[in-house]
Amino acid sequence: MSCYEIEALRLGLMNVLGVGDDSARDHAENELEGHLDGPIEGLANAESLAEVERHLDAALVDLEEEVAAMDDDDPEYDYTRGRLVAVRDAEQAVQRLRAQGGSIVDGLGDAHDTLHETFPVED
């Protein structure tokens, strides 16, 4: 069993953040072999946080539909529901990452303004 959404998210975030862990990348690519299509492929190949969010949302919709279509006595049902919980949690982590990134950008703007207020530049 594999959690394709999580492995694809790892690859996408590695792309976006510039993480060069070859062993983690190889592991994720092996897990995804034969499953790189649709939102999973888009997520694995994402090059921006906006792309990660968009493809993760689409993958989550697909997974929700998969769970809804399953019988609760299916041997894969509990695992698939667990995947859904993990992917929803991952979605929240990505939202926190975006918020933290935005906060850093705002903080840099504030630092820039403070620097100019402290040391005014005369034209």
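Keep in mind it's a predicted model, so treat the numbers as computed, not measured. Counting from 1, the numbers follow the sequence of the chain as shown. Values below: all heavy atoms of this structure, side chains included; hydrogens, waters and symmetry mates excluded.
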>> Does any part of the side chain of V85, heavy atoms only, come nearer than 4.5 Å to the side chain of D89, both counted from C-beta?
In response: no
> Say you draw a straight line from OH of Y79 to CZ of R83; how long is it, rounded to the nearest 0.5 Å?
Replying inline: 6.0 Å
> salt bridge (charged side-chain N to carboxylate O under 4.0 Å, His left out): which pairs involve residues 99-119, sequence neighbours left out?
Replying inline: none
Under 3.5 Å donor-acceptor pairs involving side-chain atoms of residues 52-70, not counting sequence neighbours:
residue	atom	partner	partner atom	Å
E53	OE1	R98	NE	2.7
E53	OE1	R98	NH2	2.8
E53	OE2	R98	NE	3.2
E64	OE2	R88	NH2	3.1

> Taking atom CD of E91 and atom CG of L9, what is their separation to the nearest 0.5 Å?
Replying inline: 10.0 Å
> Has the side chain of D71 got a donor or acceptor atom that lies under 3.5 Å from a matching backbone atom of D73?
Replying inline: no
> Can L13 and L49 be said to form a side chain to side chain contact (heavy atoms under 4.5 Å, CB included), step by step?
Replying inline: CA-CA 8 Å; L13 287 175; L49 201 49; 4.1 Å; yes
> Rounded to the nearest 0.5 Å, how far apart are CD of E31 and CZ of R10?
Replying inline: 9.0 Å
> Where is the tightest heavy-atom contact between E5 and V87, given as atom of each residue plus distance?
Replying inline: CB-CG2, 3.4 Å
> Would a 4.5 Å heavy-atom cut-off, applied to side chains only, mark S23 and D21 as touching?
Replying inline: yes
>> Walk me through whether N15 and R25 qualify under side chain to side chain contact (heavy atoms under 4.5 Å, CB included).
In response: CA-CA 10 Å; N15 295 338; R25 181 172 295 283; 3.1 Å; yes
> What distance separates L11 CG from H27 NE2, expressed to the nearest 0.5 Å?
Replying inline: 10.0 Å
>> Filter on side chain to side chain donor-acceptor pair (under 3.5 Å), then keep only pairs touching residues 33-52, sequence neighbours left out; what's left?
In response: Y4-H35
> Which pair of non-hydrogen atoms, one from A44 and one from L36, has the smallest distance, and what is that distance?
Replying inline: CB-CD2, 3.9 Å
> Below 4.5 Å, heavy atoms only, C-beta onward: do I40 and L32 meet side chain to side chain?
Replying inline: yes
